Amino acid sequence: MLNSKYVVLILTILATLTVVIGYLNRSRIKHFFYLKDFKAYSYNRPNKIRPLNYRLFVPETDEGDLYPLILILHQYGNNGSDNKKQVDGLVYEWASSQNQKNFPCYILAPQCPIGLEWADKGPMSMPYRHYTQDKQEETEEMKMIVEVILNAIHTYNIDKNKIYVVGFSMGATGCWDILTRHPDLFAASVIASGVSDLTKADQLKEIPIWVFSGEHDNIAPAKLNINMVANINKNGGKAKLTLLKGEGHNIGAIAYQYPDVKEWLFMQSKLNKKVPPE
């Protein structure tokens with residue numbers, strides 16, 4: 001007979017394996033559930049060596065009506081080439097049946113390749129600091145994203161006055177970058193834990209922006225967003241900072257689920273701009 005200690009060890013291992021396998025299966029099922037409503041596409045600029053993989057969610061639409069488009073820029077951990085990993089719970093937050101019932105919209109979810117970032121900050125170690133955009137070229141991924149958006153406007157029932165960009169971490173830095181390079185394209189933005197170019201604040205004065213930072217963020221310190229929001233508003237802008245007490249860098253889900261965020265975002269239009277609620 002087996003020693004009782006070995007029996008306990010075997011049972012413990014089996015129980016652990018059951019939990020792990022169960023978790024992995026739930027993760028796969030959940031990810032399949034996220035992906036099923038997103039169509040996969042790949043876009044390539046002429047003479048370029050790599051394409052932009054992206055997913056597009058198309059809402060149920062009424063003929064003749066126009067709908068918002070949300071560009072969602074993912075965090076670094078979702079980089080890849082599978083055109084799947086970027087569609088996670090943060091993305092599906094906007095595609096859920098409840099959200100689509102209240103705020104039907106198109107959702108564009110591109111995937112950044114491994115080893116690259118949405119915005120080129122130049123050589124920089126953590127904790128990050130403000131970067132100088134004029135010293136860095138716009139990334140090929142961002143150029144392709146803009147082209148995909150412009151093509152989508154002509155293909156789908158998209159309201160060109162209601163194009164939004166949201167992002168967390170690397171995606172938040174991407175938000176700041178694409179907003180300052182293409183301020184006329186976007187109606188509003190929700191940004192969580194990002195890095196920006198402080199000298200470009202005056203270019204954002206016409207765009208309502210709701211910014212979130214964790215009080216104890218040691219990757220993209222809160223002072224970066226505090227300074228950026230202050231500079232935007234000093235130039236007559238419409239930005240607000242929500243400083244999340246006790247939180248660190250990982251605040252994407254908190255920001256996207258924050259009270260009134262979705263209601264505020266979908267109110268925004270280039271024809272009717274409102275500051276974030278107090």
Side-chain angles (χ1 to χ4, degrees), residues 71-73 75 117-122 124-136 138 142 163-270 272-278:
L71 166 63
I72 303 180
L73 299 177
Q75 64 271 35
E117 298 190 25
W118 296 124
D120 183 358
K121 304 187 296 296
M124 192 180 298
S125 58
M126 294 186 288
Y128 294 135
R129 60 189 184 277
H130 292 291
Y131 68 102
T132 304
Q133 192 182 81
D134 290 341
K135 293 183 179 180
Q136 310 299 331
E138 183 176 24
M142 284 301 206
I163 297 177
Y164 313 126
V165 57
V166 304
F168 159 62
S169 192
M170 180 184 80
T173 300
C175 287
W176 286 121
D177 196 80
I178 200 170
L179 285 169
T180 50
R181 293 184 192 273
H182 305 276
D184 294 333
L185 184 58
F186 297 97
S189 182
V190 175
I191 299 175
S193 302
V195 181
S196 59
D197 180 348
L198 199 58
T199 68
K200 300 296 182 181
D202 63 318
Q203 296 178 210
L204 302 176
K205 62 185 178 182
E206 297 299 325
I207 305 173
I209 304 172
W210 196 341
V211 184
F212 291 82
S213 275
E215 179 185 23
H216 303 304
D217 191 336
N218 59 2
I219 296 175
K223 66 181 180 180
L224 301 182
N225 281 330
I226 292 172
N227 294 340
M228 189 62 168
V229 167
N231 272 26
I232 292 171
N233 292 340
K234 190 185 300 181
N235 284 278
K238 305 174 178 66
K240 175 185 176 178
L241 174 73
T242 295
L243 186 62
L244 297 170
K245 300 293 184 182
E247 297 293 339
H249 184 71
N250 192 19
I251 60 167
I254 298 173
Y256 292 171
Q257 296 171 8
Y258 201 78
D260 299 323
V261 160
K262 294 184 179 66
E263 290 80 359
W264 171 80
L265 185 66
F266 286 98
M267 286 173 57
Q268 304 306 319
S269 168
K270 291 181 183 179
N272 178 33
K273 298 177 181 180
K274 299 179 181 292
V275 298
E278 294 297 330

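On a predicted model such as this, the values are computed, not experimentally measured, just so you know.
- Using a distance-only test at 3.5 Å, with no hydrogens or angles considered, a donor-acceptor pair links the side chain of K262 to the main chain of Y256.
- A pairwise comparison of heavy atoms in A192 and A172 identifies O-CB, 3.1 Å as the closest pair.
- Scanning all heavy atoms of the two residues, the minimum distance from Q268 to A187 falls at CB-O, 4.2 Å.
- In this view, S193 and F168, D217, H249, I251 satisfy the side chain to side chain contact (heavy atoms under 4.5 Å, CB included) rule, not counting sequence neighbours.
- Close placement of the F212 and Y258 rings is indicated, their centers lying within 6.0 Å of each other.
- Looking at H130, its side chain does come within 3.5 Å of a backbone N or O of S196 through a donor-acceptor pair.
- Scanning all heavy atoms of the two residues, the minimum distance from M228 to K200 falls at CE-C, 4.4 Å.
- Residues passing the ring pair (Phe, Tyr, Trp, His ring centres under 6.0 Å) test with Y128: none are found, sequence neighbours excluded.
- For the residue pair T180 / Q133, a side-chain donor-acceptor distance below 3.5 Å is found, with atom types taken as modelled.
- Residue A239 comes nearest to I232 through the heavy atom pair CB-CG2, 3.9 Å, listed as atom of the first residue, atom of the second, then distance.
- When only modelled atom types and interatomic distance are considered, W118 and T173 share no side-chain donor-acceptor pair under 3.5 Å.
- Listed for the N235 side chain is no donor-acceptor partner under 3.5 Å among the backbone atoms of G237.
- D202 and K205 make their closest contact through O-CG, 3.4 Å (heavy atoms, listed as atom of the first residue, atom of the second, distance).
- Checked against side chain to side chain contact (heavy atoms under 4.5 Å, CB included), S213 has the following partners two or more places apart in sequence or in another chain: A222, N225, L241, L243.
- Rounded to the nearest 0.5 angstrom, T199 OG1 and D134 CG are separated by 6.0 Å.
- Nearest heavy atom pair, residue S189 against residue L265, reads N-CD1, 4.3 Å.
- Side-chain polar atoms of Q203 and H182 form no donor-acceptor pair below 3.5 angstrom.
- With hydrogens and angles ignored, the 3.5 Å screen pairs a side-chain donor or acceptor of E215 with a backbone N or O of G246.
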